[in-house]
Amino acid sequence: MKKITLFLLCAWLLTGYTTEVNAQTSVNEKVFSLLNLDYPGLEQVKALYQAQKKEEAAQALLSYYRERKDIHHPDINLENIRLSPENKKRADDAMQHIFYGQEGYEPTFYGKDINWKYWPIKDNEIRWMLHRHKWFIPMGYAYRASKDEKYAKEWTFQYMDWIKKNPLLEISKEEYEILDNSTLQDEAENNRFAWRPLEVSDRLQAQLIQFLLFLPAQSFTPEFLTDFLWNYHRHALFLSKNYSKQGNHLLFEAQRMLYAGTFFPEFKDAAQWRKSGIDILNHEIQIQVYPDGGQYELDPHYHLATINIFYYALNMGTVNGFRNEFPQSYIDTIERMIMFYANICFPDYSNPCFSDAILTGKQPTINYYKKWSALFPDNQAIRYFATEGKEGKRPDYLSKGFTTSGFFIFRNSWGQDAIQMVVKAGPKGEWHCQPDNGTFELWFNGKNLFPDSGSYVFAGDEEVMRLRNWFRATAVHNTLTLDNWTIEVTESVTKLWQPEGNTQILVTENPGYKDLKHRRSVFFVDNSFFVIVDEAIGKAKGTVNLHYQLCEGETALDSQKMSLTTALENESNVKLQCFSTDKMKVVKEEGWYSTGYRQRSERPAIAFNIEKKDDKPVRYITVIYPFKDKNNKDKFNARFKNKKFNENELEIEVKVNGKSRVLGYKL
């Protein structure tokens, strides 16, 4: 794709091309019928329009917006505009029609005459992100920082060019969410990308910032203003009739509709838009958030996004005088969601990459905590995370279970040197959730030793979906499969959660397959190592596979002892050894993990395989022992004391360097 971009760009430069903005020469009179001309401050606009002086009315409308002080946008501070090198590059690239879209792909040249239908790789995210215009706001920052009118001139050109080339057509709602192939052609096919409700809502939100950044520009003419407002109204009207049915899309759309109705109260429909957004958010926060604070997609990244949707909506209401339209239960739920997120993340602020999650950086996460702390000043834990421990107080507990959402955290400390395991074993999640029940990530002494597979890509043609399906497969998670098939049922039930004492215990069970259920028992022993018992119970026959994937780096596999040991160049290592009464074979598997879109790292992966030939359960014991000294010589042994599977109890013996421990439970 880099070669294609370079070729097109060279061809463009050879022509001596420069953008010629077709400046708007006439007022879009339709916008006046959309405005409430009796709104305070629009008296002159109304008088001029009624006198058939539409050009003067448009000029008065522009003056009104340039002088308006009573509407506040909390997401931008116009008195403190900072242009980062990254945004400067995006803005300058955009001046050449080289557009930044989906992370994971190089910025792409879209032609002298912008081709909004160009699709260099058949990944849907490329098309969707193109229509979010992620370079427009950087262009606005570049304009404000430099006062160079060229950025505003080019922005108005591209804004109008997009309107001209992306007409709104009527297609079925279902077409907007088709992920691979569609029967739509030509303009209708383009419509399902350009006018998908989520993209419409993204533009609704982003165009408010663009409006504020470019409003003083010479290129922001009265004529352009009328087209901008007409287009903005068209977006809000379309979205109000085409909300997504559920999930984070619906939340994003509602929050952005609230923004539209709040920021442009001059529209006749503004109050309705605002009420629509608030009503949906107040309703959905009760549907999409479990009582323990987990969001029902069971994805840490989308959990974070959902916190911020609810937070930004509340903040917009607060600064513009309608916070009382959100009940106290709404605010309390946001606080529970923040504490859920704080618990599942690691000491360096990184999040597990369960499901479709990507890794959020430390500083952006701290910035979120700072915003949240302002909303919840009495929450000492949020303040602690907002200040990296300088203020506030860390939680007064260590291990924590969220039994409804199915996230369980074992930890011996909140510090960087902690041992922390996060287990995911909950109900059936929504779209972004992966079939990975029982999987875990394990942090030790500053490093994530068992990162989850992540997602890599979302949707597109056959090749893109092949990659997505690989990362979603149960077999590439730290859990159990039958014949490497992806599990058919994800509905884990917590049998026991005991987060205190010298031996902390989690027992969870998932139906998995038609004739095979998986019980996983996790023991955190002496705050220093883990023992995992996996039992595959049922009539199904085939090869039972117990999968483990580690971080990248050197490992030593001992096929005789059924052990795998890391040899990393730091004081964060782990030895894993598996035991069973059945004949077992260890095999190397393909291993990758992804922490960002189209970003992946190769890593060691193994499976312990046992042939299940009858109704007899297959049972494993795995000792997972973190250690600092890479010359570690620890020796393990483990056996089942109760020789047969028992629904109500378990007893095993584990020896570490000859020291015996009996572990078990009674339900």
Side-chain angles (χ1 to χ4, degrees), residues 74-75 246-256 258 277-278 280-318 323 325-346 349-360 362 364-386 392 394-395 397 400-409 411 414 422-424 426-427 429-433:
D75 301 345
Q246 60 186 2
N248 67 77
H249 285 207
L250 177 58
L251 299 183
F252 276 118
E253 291 157 13
Q255 176 241 311
R256 292 158 177 172
L258 179 159
I278 292 174
I280 289 172
L281 292 172
N282 280 332
H283 176 262
E284 288 296 314
I285 200 169
Q286 303 174 63
I287 303 298
Q288 295 199 30
V289 184
Y290 290 122
D292 61 12
Q295 197 262 350
Y296 74 174
E297 292 191 81
L298 307 180
D299 176 310
H301 173 70
Y302 283 93
H303 180 96
L304 174 62
T306 303
I307 292 174
N308 285 324
I309 289 170
F310 293 132
Y311 164 80
Y312 288 136
L314 180 65
N315 203 30
M316 178 64 94
T318 300
R323 177 171 177 157
E325 295 183 30
F326 297 94
Q328 186 61 41
S329 60
Y330 178 101
I331 300 170
D332 293 341
T333 300
I334 297 175
E335 188 171 15
R336 284 198 302 275
M337 294 182 74
I338 294 169
M339 292 310 301
F340 177 99
Y341 190 73
N343 274 275
I344 67 172
C345 288
F346 296 111
Y349 291 83
S350 63
N351 56 276
C353 282
F354 298 136
S355 297
D356 283 348
I358 61 174
L359 205 61
T360 303
K362 180 178 179 179
T365 304
I366 291 174
N367 292 340
Y368 291 137
Y369 277 112
K370 289 179 179 178
K371 293 178 180 179
W372 301 336
S373 186
L375 181 61
F376 300 105
D378 296 331
N379 189 309
Q380 294 302 303
I382 297 176
R383 179 176 294 276
Y384 177 86
F385 294 116
R394 66 188 178 195
Y397 53 82
K400 180 77 172 177
F402 298 91
T403 55
T404 309
S405 303
F407 283 75
F408 302 90
I409 303 94
R411 64 162 58 85
W414 287 91
V422 185
V423 181
K424 178 176 180 280
E430 296 302 320
W431 195 82
H432 284 288
C433 186

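Just so it is clear, the model here is predicted, and its values are computed rather than measured. Note that the numbering runs from 1 along the sequence shown for the chain. Because only heavy atoms are used, hydrogens play no part in the values below, and waters and symmetry mates are left out as well, while side chains stay in.
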(request) Using salt bridge (charged side-chain N to carboxylate O under 4.0 Å, His left out) as the criterion, list what pairs up with E325, not counting sequence neighbours. (result) R274
(message) Using side-chain heavy atoms (C-beta onward) and a distance below 4.5 Å, is P74 in contact with K371?
(response)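 In short, these two side chains do not touch, never coming nearer than 4.5 Å.
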(request) Taking the side chain as every heavy atom from C-beta outward, state whether L250 and I280 have any pair of such atoms under 4.5 Å apart. (result) yes
Main chain of [Y], side chain of [X]: is a donor-acceptor contact present, judged purely on distance under 3.5 Å?
X	Y	value
D299	S355	no
R394	Y384	no
Q286	N282	yes
T404	P291	no
W372	N308	no
T333	S329	yes
Q255	G277	no
N351	T360	yes

(message) Set out, in order, the CA-CA distance, both residues' side-chain angles and the distance that settles side-chain contact (heavy atoms from CB on, under 4.5 Å) for L314 and L281, then state yes or no.
(response) CA-CA 10 Å; L314 180 65; L281 292 172; over 6 Å; no
(request) Could you give me the CA-CA distance, side-chain angles and deciding distance for F354 and L298, then say whether side-chain contact (heavy atoms from CB on, under 4.5 Å) is met? (result) CA-CA 8 Å; F354 298 136; L298 307 180; over 6 Å; no
Partners passing ring pair (Phe, Tyr, Trp, His ring centres under 6.0 Å) against [X] (at least two apart in sequence or in another chain):
X	result
Y312	none
H249	none
F326	Y330
Y341	none

(message) Show the nearest heavy-atom pair for residues G406 and P427, with the distance to one decimal.
(response) N-CD, 4.5 Å
(request) Scan residues 280-302 for pairs that pass ring pair (Phe, Tyr, Trp, His ring centres under 6.0 Å), counting only residues two or more places apart or in two chains. (result)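 Passing the test, one end in residues 280-302: Y302-H432.
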